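Computed from a predicted structure; not experimentally measured. Hydrogens, waters and symmetry mates play no part in the numbers below; they use all other heavy atoms, side chains included.
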Amino acid sequence: MKSITIKGSERESVGKVATKAIRNAGAVPCVLYGGNQPVHFSADERAFKSLVYTPNAHTVAIELGEKTYNAVLQDVQVHPVSDKILHIDFFQLNESKEITMEVPVKIVGTSPGVLLGGDLRLNQRRLKVRALPKNLPDYIEANISELQMGNKLYVTKVETKNFKLIHPDNTVICQVKISRAAMKAAQEAAKAAKAPAKGKKK
């Protein structure tokens, strides 16, 4: 999995006044969990754009002076009106311990059902995976090459290598629905087949 580097500085004070001052300065207060004790730090808000405002999944290299921590994004608090990032929680990675995180779904292949006029519906845009940090995938491939009209692709049909999908077996990733146009065409074809041919004697 690709990694993004965030350069920040450790926070000496974590009170409300200090936190407000950090935000006013255009930075984001953050906390790194998973180690012996939480690490409080801040970094320029612009540094998080390629991490927060993206459908892709990344690990993060947090550089705080001479210290570097490998982590994953755990939680983001965003202002409901301005979309300004208010706070971010990270979780420190341990190369010998599995981690659970959400990974985007990538559709591959061409569905015969879609070629016949069906609508492809993506039920799960992201899936939870569990793996060692080195085995975390950039995305989950959902191959729709065998999906006919009305078919569904379940998580059990996805190839997993060195990672596990944390979902029930009946979880639907995507499906091919019969479109209104295709349904109307099928109904008209059925009516035409039942109707007697013009000029044919009874």
CA sep, side-chain torsions, deciding dist, call: Phe90, Leu73, side-chain contact (heavy atoms from CB on, under 4.5 Å) = CA-CA 5 Å; Phe90 292 92; Leu73 184 66; 4.0 Å; yes
[X] versus [Y]: any side-chain heavy-atom pair under 4.5 Å?
{"X": "Ser111", "Y": "Leu120", "result": "no"}
{"X": "Asn143", "Y": "Glu159", "result": "no"}
{"X": "Val176", "Y": "Gln148", "result": "no"}
{"X": "Gln124", "Y": "Ile140", "result": "no"}
{"X": "Leu147", "Y": "Cys174", "result": "yes"}
{"X": "Tyr33", "Y": "Asp75", "result": "no"}
{"X": "Val105", "Y": "Tyr139", "result": "no"}
{"X": "Pro133", "Y": "Asn70", "result": "no"}

Heavy atoms from other residues, nucleotides or ligands near [atom1] of [X] exceed 12 (cutoff 6.0 Å):
{"X": "Arg125", "atom1": "CZ", "answer": "no"}
{"X": "Tyr69", "atom1": "OH", "answer": "yes"}
{"X": "Glu12", "atom1": "CD", "answer": "no"}

For the [atom1] atom of [X] and the [atom2] atom of [Y], what is their distance to the nearest 0.5 Å?
{"X": "His40", "Y": "Glu10", "atom1": "NE2", "atom2": "CD", "value": "10.0 Å"}
{"X": "Lys49", "Y": "Asp44", "atom1": "NZ", "atom2": "CG", "value": "9.0 Å"}
{"X": "Arg130", "Y": "Thr160", "atom1": "CZ", "atom2": "OG1", "value": "14.5 Å"}
{"X": "Asn135", "Y": "Lys164", "atom1": "CG", "atom2": "NZ", "value": "11.5 Å"}
{"X": "Leu32", "Y": "Ile88", "atom1": "CG", "atom2": "CD1", "value": "12.0 Å"}
{"X": "Ile22", "Y": "Glu45", "atom1": "CD1", "atom2": "CD", "value": "13.0 Å"}

Can you check side-chain contact (heavy atoms from CB on, under 4.5 Å) on Phe163 and Leu136, steps first, answer last?
-> CA-CA 7 Å; Phe163 65 86; Leu136 287 170; over 6 Å; no
What closest approach, in Å, do [X] and [Y] show between heavy atoms, and which atom pair accounts for it?
{"X": "Glu102", "Y": "Arg126", "answer": "O-NH2, 3.4 Å"}
{"X": "Asp89", "Y": "His87", "answer": "OD1-NE2, 2.9 Å"}
{"X": "Asp138", "Y": "Lys2", "answer": "OD1-N, 3.1 Å"}
{"X": "Val31", "Y": "Pro38", "answer": "CG1-CB, 3.9 Å"}
{"X": "Thr68", "Y": "Glu63", "answer": "OG1-CG, 3.8 Å"}
{"X": "Ile62", "Y": "Ala71", "answer": "CD1-CB, 4.1 Å"}

Sidechain N-carboxylate O distance under 4.0 Å for Glu146, Lys157 | no
Shared hydrophobic cluster for [X] and [Y] (ILVMFWY, side-chain gaps under 4.5 Å):
{"X": "Ile99", "Y": "Ile166", "result": "no"}
{"X": "Val108", "Y": "Leu127", "result": "no"}
{"X": "Phe41", "Y": "Ile85", "result": "yes"}
{"X": "Leu93", "Y": "Val60", "result": "no"}
{"X": "Leu86", "Y": "Val52", "result": "no"}

For Leu51, does its backbone N or O pair with a side-chain atom of Thr54 as donor and acceptor, under 3.5 Å?
-> no
Check: Ala131 main-chain N/O paired with Asn162 side-chain donor or acceptor under 3.5 Å = no
Go through the steps for Arg23 and His79 under the test side-chain contact (heavy atoms from CB on, under 4.5 Å), then give the verdict.
-> CA-CA 12 Å; Arg23 291 176 181 146; His79 192 281; over 6 Å; no
Take Val155 and Ile173, measure what side-chain contact (heavy atoms from CB on, under 4.5 Å) needs, and give me the verdict at the end.
-> CA-CA 6 Å; Val155 290; Ile173 298 176; 3.8 Å; yes
